[in-house]
**Q** 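Dropping the structure in here first, questions after.
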Amino acid sequence: MSDLLDTIRDLAKPTDSKILMVVLDGIGGLPLETNGDTELAAANTPNLDALAAQSQLGQIELVGAGITPGSGPGHLSLFGYDPLKYIVGRGALSAVGIGVKLGAGDVAVRGNFATLGEGRIVQDRRAGRPSDEKNAEIVTKLKAAIPDIDGTPVEIYTESEHRFVVVFRANGGSPLGANLSDVDPQATGVPPMTAQAHDDASQKTADLVNAFVQRAETALKDETQVNGVLFRGYSDVPHFPSFDAAYQLKAACIASYPMYKGLASLVGMDVLTVEGEEDALDGKVQALRDNWSKYDFFYFHVKKTDSTGEDGDFKAKVKKIELFDALLPQLLALNPDVIAIVGDHSTPSKLATHSWHPVPLLIRSNYGRRDLAQRYTEDEALKGSLGLRKGTDLMPLLMANALKLNKYGA
């Protein structure tokens, strides 16, 4: 464990108090015009405003100044794991999140279905966000076309919309390395990149990835929209210290997207069943209600605040924020001893991608000091008593506000 997790483990004590951490994915934003409103500031959020007036606010940097975090590092930071020490690729998170077991030497990789134009130019990195049914149809087609590559078994799994997962199995031979470059250029108007191995152990994996990309494009050549694949986030089997052991908490995850369920599972949280469509907030609230008496820590994930930002749709992101605000009273009705509202990174609609900007943090408990912030927005968070914090500061703050930490030293 890191020094911080070691210290918290030694100080943590079980109590009856309950902590609710709400992660509004990609919540941080930017104004479309200088001195304009961000998505949070533009949204009509009477319930968040009322909560902010009773809370402490501040800002969080998930990795470090100027560093744009991926969702995995962002969440690890919120959970108290130094994202520069505990590194896991998106592939493993997605694979574990959909129940795929990874063995020693296997490599999992996160895939995006994409739309390629003439000259293999990437026109849409997400292929128009196809339906889950279309995703499954394409996966079935790829399974038939690519059961293996030169004797290496290849497993292909549906995740959702444009996302899928590929697992290359070691097949009893030498372990496959996961240290290679992305195929996904994370931009349009350019062709997919060629995977390059960063060490000798990963050369075979790079060859497998490049062969998969070529064979997939051949198999999908008659598709008009989903006709290419992009890869990023290669990873082998990760290992993390137990969240429950570190914090003396019985912890549960309420999320819909496989990657977030996978991450929660890897750190040892119980992943609860959510009924309804993907990211259906009503189903998540019901799961929270049904399990409220069984756990003392809940991680509650809201995805669409990020997806709309990635789509560059300012108005849609505002709407998703307002939808969360409408259900917030149902969360507060459970009377958590501590509630935190935070993001795992910023996804400004203006940039249509993750950014380095700090995210606003809100903590309400019975033990907060007076705070000048009156809304849950980026500007108001600047006025807050919590100041600018590292992501790994969040869990100790929540534990302290829940009176779950003993005194340090004599």
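Side chains are part of it too, since the values below use all heavy atoms of this structure and drop only hydrogens, waters and symmetry mates. Just so you know, these numbers come straight off a predicted model, no measurement behind them.
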**Q** Without hydrogens or angle criteria, can the side chains of Thr353 and Gln186 be said to hold a donor-acceptor pair below 3.5 Å?
**A**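 Looking only at side-chain atoms, Gln186 and Thr353 do not form any donor-acceptor pair under 3.5 Å.
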**Q** Can a donor-acceptor pair be found, under 3.5 Å and without considering hydrogens, that links the side chain of Ser242 to the backbone of Gly268?
**A**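 Such a contact is absent between Ser242 side chain and Gly268 backbone.
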**Q** Which heavy atom of Leu57 sits nearest to which heavy atom of Ala52, and what is that distance?
**A**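 Closest approach of Leu57 to Ala52: CD1-O, 3.9 Å.
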**Q** So Phe297 and Met395, do their side chains get closer than 4.5 Å, heavy atoms only?
**A**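 Yes, their side chains come closer than 4.5 Å.
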**Q** Looking only at heavy atoms, what is the nearest atom pair of Asn401 and Gln56, with distance?
**A**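 What the structure gives for the nearest pair is OD1-OE1, 3.9 Å.
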**Q** Taking all non-hydrogen atoms of both residues, which atom of Ser71 and which atom of His354 are closest, and how far apart?
**A**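 Closest approach of Ser71 to His354: OG-CE1, 3.6 Å.
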**Q** Can you confirm whether more than 12 heavy atoms, excluding those of Lys320, are under 6.0 Å from its NZ atom?
**A**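 Atom NZ in Lys320 is not packed in, count stays at 12 or less.
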**Q** Checking Thr347 side chain against Gly309 main chain: does a donor-acceptor pair fall under 3.5 Å?
**A**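 Checking the backbone N and O of Gly309 against the side chain of Thr347, no donor-acceptor pair under 3.5 Å is found.
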**Q** What I want to find out is whether Glu161 reaches Arg126 closely enough, with some N-O distance under 4.0 Å, to be called a salt bridge.
**A**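 Salt bridge absent between Glu161 and Arg126.
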**Q** Evaluate whether atom CG of Asp16 has more than 12 neighbouring non-hydrogen atoms of other residues, nucleotides or ligands under 6.0 angstrom away.
**A**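 No.
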**Q** Taking the side chain from Asp296 and the backbone from Leu249, do they hold a donor-acceptor pair closer than 3.5 Å?
**A**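 Here the side-chain-to-backbone pair does not exist.
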**Q** More than 12 heavy atoms of other residues, nucleotides or ligands under 6.0 Å from CG of Asp199: yes or no?
**A**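 Yes.
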**Q** Got a donor-acceptor contact below 3.5 angstrom from the Asn227 side chain to the Leu220 backbone?
**A**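 Looks like no, no N/O pair under 3.5 Å.
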**Q** Salt bridge or not for Glu310 and Arg125, using N-O below 4.0 Å?
**A**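 Here Glu310 does not pair with Arg125 in a salt bridge, since their nearest N and O are not under 4.0 Å apart.
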**Q** Among Tyr299, Phe240, Tyr81, exactly one meets ring pair (Phe, Tyr, Trp, His ring centres under 6.0 Å) together with His75. Which residue is that?
**A**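 Exactly one option meets the ring pair (Phe, Tyr, Trp, His ring centres under 6.0 Å) with His75, and it is Tyr299.
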**Q** With the threshold set at 4.0 Å, does a side-chain nitrogen-carboxylate oxygen contact exist between Lys204 and Asp207?
**A**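 Salt bridge: no.
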**Q** Which heavy-atom pair separates Ala195 from Ala206 by the least distance, and what is that distance?
**A**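 Nearest heavy atoms, Ala195 then Ala206: O-CB, 3.9 Å.
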**Q** Does Thr68 use its side chain to pair, donor to acceptor, with the backbone of Trp356 at less than 3.5 Å?
**A**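 Yes, because the side chain of Thr68 sits within donor-acceptor range (under 3.5 Å) of the backbone of Trp356.
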**Q** Looking at Asp311 and Arg129, is any side-chain nitrogen of the basic one under 4.0 Å from a carboxylate oxygen of the acidic one?
**A**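 So Arg129 pairs with Asp311 through a salt bridge.
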**Q** If you count heavy atoms of other groups shown closer than 6.0 angstrom to NZ of Lys13, is the number above 12?
**A**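 Check passes, neighbour count above 12.
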**Q** Are the side chain of Thr305 and the backbone of Asp25 linked by a donor-acceptor contact shorter than 3.5 Å?
**A**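 At least one qualifying donor-acceptor pair exists.
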**Q** Measure across Ser355 and Pro69 and return the closest heavy-atom pair with its distance rounded to 0.1 Å.
**A**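 Between these two residues, the closest heavy atoms are O-CD, 3.7 Å.
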**Q** Between the side chains of Asp49 and Arg375, is the shortest nitrogen-to-carboxylate-oxygen separation below 4.0 Å, so that they form an ion pair?
**A**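 Between Asp49 and Arg375 there is a salt bridge, with a charged N closer than 4.0 Å to a carboxylate O.
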**Q** Assess the residue pair Asp337 and Lys18 against the criterion (salt bridge (Lys or Arg N to Asp or Glu O under 4.0 Å)); give the C-alpha distance rounded to whole Å, side-chain angles, the decisive distance to 0.1 Å, and a yes or no.
**A** CA-CA 5 Å; Asp337 297 277; Lys18 293 184 182 292; over 6 Å; no
**Q** Between Lys390 (side chain only) and Asp82 (backbone N and O only), is there a donor and an acceptor less than 3.5 Å apart?
**A**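 Not confirmed, Lys390 side chain does not pair with Asp82 backbone.
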**Q** For Gln54, look at atom CD and say whether over 12 heavy atoms of other residues, nucleotides or ligands are found less than 6.0 Å away.
**A**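 Atom CD in Gln54 is crowded, with more than 12 foreign heavy atoms closer than 6.0 Å.
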**Q** Quick one about Thr194 and Asn210 (side-chain donor to acceptor, distance below 3.5 Å, no hydrogens or angles considered), yes or no?
**A**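 Judged by distance alone, the side chains do not pair up.
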**Q** Using every non-hydrogen atom in the two residues, find where Gly283 and Val274 come nearest and quote the distance to one decimal.
**A**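 Closest approach of Gly283 to Val274, heavy atoms only: C-CG1, 3.7 Å.
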**Q** Roughly how far, to the nearest 0.5 Å, is CD1 of Ile321 from CG of Leu48?
**A**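 Those atoms lie 8.5 Å apart.
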**Q** For the backbone of Pro348 and the side chain of Ser346, can you confirm whether one donor and one acceptor N or O come within less than 3.5 Å of each other?
**A**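 The answer is no, because no donor-acceptor pair under 3.5 Å joins these two groups.
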**Q** How many angstroms lie between NZ in Lys317 and CG in Leu40, if you round to the nearest 0.5 Å?
**A**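 One gets 7.0 Å once the value is rounded to the nearest 0.5 Å.
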**Q** Counting distance only, does the side-chain N/O of Tyr247 pair as donor-acceptor with the main-chain N or O of Phe79 below 3.5 Å?
**A**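 Answer holds: yes.
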**Q** Is there a donor-acceptor pair under 3.5 Å between the side chain of Asp182 and the backbone N or O of Met193?
**A**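 The answer is no, because no donor-acceptor pair under 3.5 Å joins these two groups.
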